[in-house]
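So the structure is just underneath, and the comments pick up after that.
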Amino acid sequence: MEQSKEHVLTHAFSQVIYKMHLILRVARILMENGADSDRTAQYIMRTAAYMGIPPENVSCHISYTTIMLNIKDEERTYTRFSKCRTHRVNMFLLSGVSRMIWRAMRDAWSLEIFEQGLDKLQLRANPYGSFMTALGAGFACAGSCALFGCDLPAFFITAFCAFLGFYVRRFCNENGFNGYAGIAIAAFTATFAAVLLENLHLSHTPMLPIVACTLFIVPGVPLINAANDLLNHFITSGMTRAFDTLLIVGSVAFGMAVALRLGYITEFAAVNLSPGEIYLYHPLAAAVAAGGFSMIFNVPKRLLWVVCIGGIITILLRNICMFEFGMSQAAGTFLGSAVVGVIALQAIHWFHTPNIVLTIPSAIPLVPGILLYRFFVTLLDINNVSAEALLNAMRNGIEGATIIIGIAVGVAIPSIFWSRQIQRNKNNQQKKLLASRFVDQED
């Protein structure tokens with residue numbers, strides 16, 4: 001066996017440029033599809049381990065748009081860069097890459113088979129068609145509207161307006177519009193449609209569709225990833241993500257503000273978000289919202305029901321903390337997210353998927369998008385608002401930021417408190433898989 005190890009290590013740096021190309025491709029797929037920087041760094045090291053490269057010979061630097069990889073052998077150092085051109089959320093790819101790397105270790109894939117696996121994975125990276133994804137966006141917003149206490153007509157009005165806004169955003173993306181401009185146009189379309197339907201008096205809660213119809217654009221995953229990067233000392237990447245999400249929220253607020261001004265809607269910031277029946281409708285609404293967001297994020301179909309249950313757990317725990325124990329929304333949100341994060345530690349072994357695929361879609365219904373939108377809409381009209389309205393807007397912004405931090409820290413609880421144990425278990429699993437390859441070579 002020692003001879004086999006020496007043989008593998010001797011060839012660890014053969015085809016090193018090709019190996020670096022594959023490692024950077026894995027990292028780029030992760031960064032472009034919703035992984036945080038710490039997870040990307042872990043997968044870089046895991047992919048290098050599969051290729052037989054010792055961890056002490058691998059270094060990487062990750063920013064929001066650039067990944068740098070350095071590998072050194074006894075004689076020279078190799079450095080390569082890769083640019084991240086787009087940033088979206090695709091949980092199907094994240095789950096697929098994770099499973100593929102473990103399979104490559106277990107079955108001792110060649111580099112060619114590994115590259116073919118990446119090709120196949122990216123070619124079938126969308127488990128839902130465009131219509132189903134748009135439908136998911138509609139029901140994500142409709143479920144969120146139900147959490148605000150809407151009636152049934154408002155539920156379907158919200159779904160229709162979000163469905164329309166989602167297709168407009170897709171049209172803008174496909175036709176080369178600036179990303180932020182496309183977001184503003186989509187927000188305007190969805191909000192203006194809700195404003196027009198509000199005049200038909202079809203619902204007893206006509207303002208709630210206006211409030212909720214743009215929540216499919218809320219950058220929940222980038223916000224959570226920004227907080228995760230900052231907590232894990234990826235400061236540059238975290239700050240860049242944070243500014244990017246602020247631009248997204250600002251673009252949504254701008255589109256909404258134009259639609260509200262054209263529709264002569266002046267009470268947007270004062271709409272009462274009544275919680276309704278918190279133990280009956282809220283769990284169902286949370287399941288619908290989590291399932292809808294999961295379709296937007298391309299969560300594998302086999303995991304949709306798991307994420308829906310996760311959404312129910314987070315909302316129920318938040319409500320119990322808020323309405324039974326008098327905690328703040330931020331504290332209740334933190335506890336709900338933390339419990340789901342801890343449960344996911346065991347669930348990832350049942351469903352063979354990264355915990356991010358289970359925790360983030362489950363927690364997305366908790367993201368206070370409406371508070372952030374109210375804050376920015378008020379700022380855009382700052383010359384016409386009273387001191388009291390401005391103070392309320394500041395309160396909304398601070399509360400929204402606090403809730404987001406609570407979600408990010410909650411879902412990151414496992415990596416904060418058990419990171420060493422989790423990493424130790426994964427390293428032991430890697431060693432067993434790699435050791436089995438040495439045994440096979442001896443045979």
message = So that I know where these two stand, are F131 and F163 an aromatic pair - ring centroids less than 6.0 Å apart?
response = yes

Practice problem: Indicate yes or no: at least one non-hydrogen side-chain atom of M91 is less than 4.5 angstrom from one of L94. | Solution: yes

T236 and S63 side chains, donor-acceptor separation under 3.5 Å
no

Test side-chain contact (heavy atoms from CB on, under 4.5 Å), reference C150, set S144, C145, P206, output is C145

Output for pair (Y281 OH, L147 CG), nearest 0.5 Å, gives 13.5 Å

So OG1 of T133 and OH of Y167: to nearest 0.5 Å the spacing works out to 8.0 Å

- Query: Are side-chain heavy atoms of K120 and M100 found at a separation under 4.5 Å?
  - Reply: no

What one should report as the nearest heavy-atom pair of A331 and M327 is CB-CB, 4.2 Å

Original post:
Is any side-chain heavy atom of D38 closer than 4.5 Å to a side-chain heavy atom of N228?
Top reply: no

Original post:
Tell me, do F166 and T189 make a side-chain contact under 4.5 Å, heavy atoms counted?
Top reply: no

Closest non-hydrogen contact found for T402 with I398 is OG1-O, 2.8 Å

Note: V357 and V307 closest approach over all heavy atoms is O-CG2, 3.9 Å

Note to self: Under a plain distance cut-off of 3.5 Å, with no hydrogens placed, do R39 and N355 share a side-chain donor-acceptor pair?
What the structure shows: yes

F92 and R124 have their tightest heavy-atom pair at CE2-O, 3.0 Å

Closest heavy-atom pair, A186 versus R169, reported as atoms and distance to 0.1 Å, is CB-CB, 3.6 Å

Result for side-chain contact (heavy atoms from CB on, under 4.5 Å) between N70 and one of V58, T79, N57 points to T79

Taken to the nearest 0.5 Å, the spacing of W102 CH2 from H352 NE2 works out to 12.5 Å

Rounded to the nearest 0.5 Å, the CD1 atom of I210 sits from the CE atom of M207 at a distance of 4.0 Å

The reported gap from CD1 in I296 to CZ in F293 (rounded to nearest 0.5 angstrom) is 5.5 Å

message: Quick one, S37 with R241, criterion side chain to side chain contact (heavy atoms under 4.5 Å, CB included). Give me CA distance, side-chain angles, the key distance, then yes/no.
response: CA-CA 11 Å; S37 300; R241 289 183 195 270; 3.8 Å; yes

Using side-chain heavy atoms (C-beta onward) and a distance below 4.5 Å, is Q329 in contact with C321?
no

- Message: Does F254 have more than 12 heavy atoms from other residues, nucleotides or ligands lying within 6.0 Å of its CZ?
- Response: no

Heavy atoms of T353 and R302 approach each other most closely as CB-NH2, 4.2 Å

T333 and R318, any side-chain heavy atoms less than 4.5 Å apart = yes

Can you confirm whether or not the ring centre of F156 sits under 6.0 Å from the ring centre of F160?
no

Contacts of R395 meeting side-chain hydrogen bond (donor to acceptor under 3.5 Å, both in side chains) (sequence neighbours excluded), chain-then-number -> N392

Problem - Criterion side chain to side chain contact (heavy atoms under 4.5 Å, CB included) on L24 and M68, from CA distance to verdict - result: CA-CA 8 Å; L24 285 172; M68 183 181 74; over 6 Å; no

Output for pair (F323 CZ, H282 NE2), nearest 0.5 Å, gives 7.0 Å

### Task
For residues I62 and I44, determine if any side-chain heavy atom of one lies less than 4.5 Å from a side-chain heavy atom of the other.
yes

Flag yes if more than 12 heavy atoms outside R28 fall under 6.0 Å of its CZ atom; otherwise flag no. yes

Within a 6.0 Å radius of atom OH on Y18, are there more than 12 heavy atoms belonging to other residues, nucleotides or ligands?
yes

query = Are C161 and P209 side-chain neighbours, meaning at least one heavy-atom pair lies under 4.5 Å?
reply = no

